[in-house]
Amino acid sequence: MMRLDKLLANSGFGSRKEVKKLLSDKAVIVNGVLIKDGSVKVNEKQDQVLVHGEPLRYQAYYYLLMNKAAGRLSATEDSHQPTVIDDLSLKLQNVGLFPVGRLDKDTTGLLLLTNNGNLAHQLLAPNKKVAKRYRALIQGVVSNDDVDAFAKGMDLGDFITQPAQLLILQVNPEKEQSWIEVEIHEGKFHQVKRMFHKVDKEVLSLERIQMGPLVLPTDLPRGHYRPLTPKEEENLVAFGLIK
Ligand code: URA
């Protein structure tokens with residue numbers, strides 16, 4: 001059972017205010033009865049809800065794969081700065097989605113958005129050691145010594161990282177810059193940036209390209225998103241994805 005106004009918001013009928021208006025406009029009928037009070041409890045699986053005469057189809061869970069744009073906070077709301085939720089369609093802004101884990105404001109790339117708290121919890125649980133893979137442009141010439149330091153596990157003061165796999169893609173000796181990929185097995189605040197600081201280098205740009213079984217699609221522009229494919233969903237069932 002859930003409140004009718006929540007059911008309507010979760011089903012993409014807009015913000016609380018918009019849902020209220022829908023109800024006061026006499027657009028909502030539950031089991032043949034016109035209802036204007038959003039606090040009425042309905043059984044989302046059994047009751048027949050019509051909105052402007054159309055049957056409402058309830059979807060409990062949403063799963064979206066986003067290529068996060070730079071300049072967006074990995075949060076659901078913020079009074080000053082745009083969040084990843086602001087990049088969703090109006091319908092999807094009100095269904096209760098949140099990002100699974102955090103990317104820094106300037107970090108781009110793969111971000112899973114869902115309203116399934118259990119899935120998020122499992123993907124982020126330290127004991128699950130879900131791998132996260134990043135591509136980055138580094139100020140500095142990344143060397144094999146750095147590869148070794150990452151592979152050993154690194155003492156960052158407040159914790160020691162799991163061994164991380166660092167791959168040097170390309171080095172530009174004149175500019176003293178390097179393209180790398182790195183795979184880490186935790187997701188501590190600023191972890192990749194802190195690991196490069198530790199070897200006296202700086203992350204100039206950072207993009208997440210993989211999280212567990214999810215890979216950033218090459219054809220998904222920054223700031224865009226799409227539902228998971230059936231194959232991606234299947235790969236997350238072991239982490240608690242339910243439809
Ligand atoms: N590591 C960082 O430093 N920043 C991110 O956004 C993700 C991983």
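Every number for a ligand or one of its atoms is a count from 1 in the order of the listing. Hydrogens, waters and symmetry mates play no part in the numbers below; they use all other heavy atoms, side chains included.
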Hey, do the aromatic rings of F196 and F150 have their centres closer than 6.0 Å?
-> yes
Which of the atoms in ligand 1, numbered in the order shown and given with their element, are less than 4.0 Å from a heavy-atom of Q191?
-> 1 (N), 2 (C), 3 (O)
What atoms of ligand 1 come within less than 4.0 Å of a heavy atom belonging to H190?
->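 Those qualifying, in numeric order: 1 (N), 2 (C), 3 (O).
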Just checking, is any N or O donor in the side chain of Y225 or N67 under 3.5 Å from an acceptor N or O on the other one?
->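 Side-chain D/A pair, Y225 to N67: absent.
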Check the side chains of D37 and S39 for a donor-acceptor pair under 3.5 angstrom, ignoring hydrogens and angles.
->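 Yes, side-chain donor-acceptor contact under 3.5 Å.
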Counting only heavy atoms, which portion of T107 has something under 4.0 Å from ligand 1: side chain, backbone, both, or neither?
->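 Looking at T107 and ligand 1, just side chain atoms fall under 4.0 Å.
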Determine whether the side chain, the backbone, both or neither of V203 has a heavy atom under 4.0 Å from any heavy atom of ligand 1.
-> neither
Relative to atom 5 (C) of ligand 1, which among I184, L111, D104 owns the nearest non-hydrogen atom?
-> D104
Could you go step by step and tell me if K132 and Q210 meet the side chain to side chain donor-acceptor pair (under 3.5 Å) rule?
-> CA-CA 6 Å; K132 289 121 198 149; Q210 192 170 353; over 6 Å; no
D104 versus K193, closest heavy-atom pair with distance =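 In terms of heavy atoms, the two residues are closest at OD2-NZ, 2.8 Å.
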Among protein heavy atoms, which lies nearest atom 1 (N) of ligand 1, and at what distance?
-> V192 N, 3.1 Å
Got the closest protein heavy atom to atom 7 (C) of ligand 1, with its distance?
->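 Protein heavy atom at minimum distance: Y134 OH, 3.4 Å.
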Decide yes or no for V203 and I138: does some side-chain heavy atom of the first lie under 4.5 Å from some side-chain heavy atom of the second?
->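 Yes, at least one pair of side-chain atoms sits under 4.5 Å.
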Any N or O of R102 that comes nearer than 3.5 Å to an N or O of ligand 1?
->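 There is no such contact.
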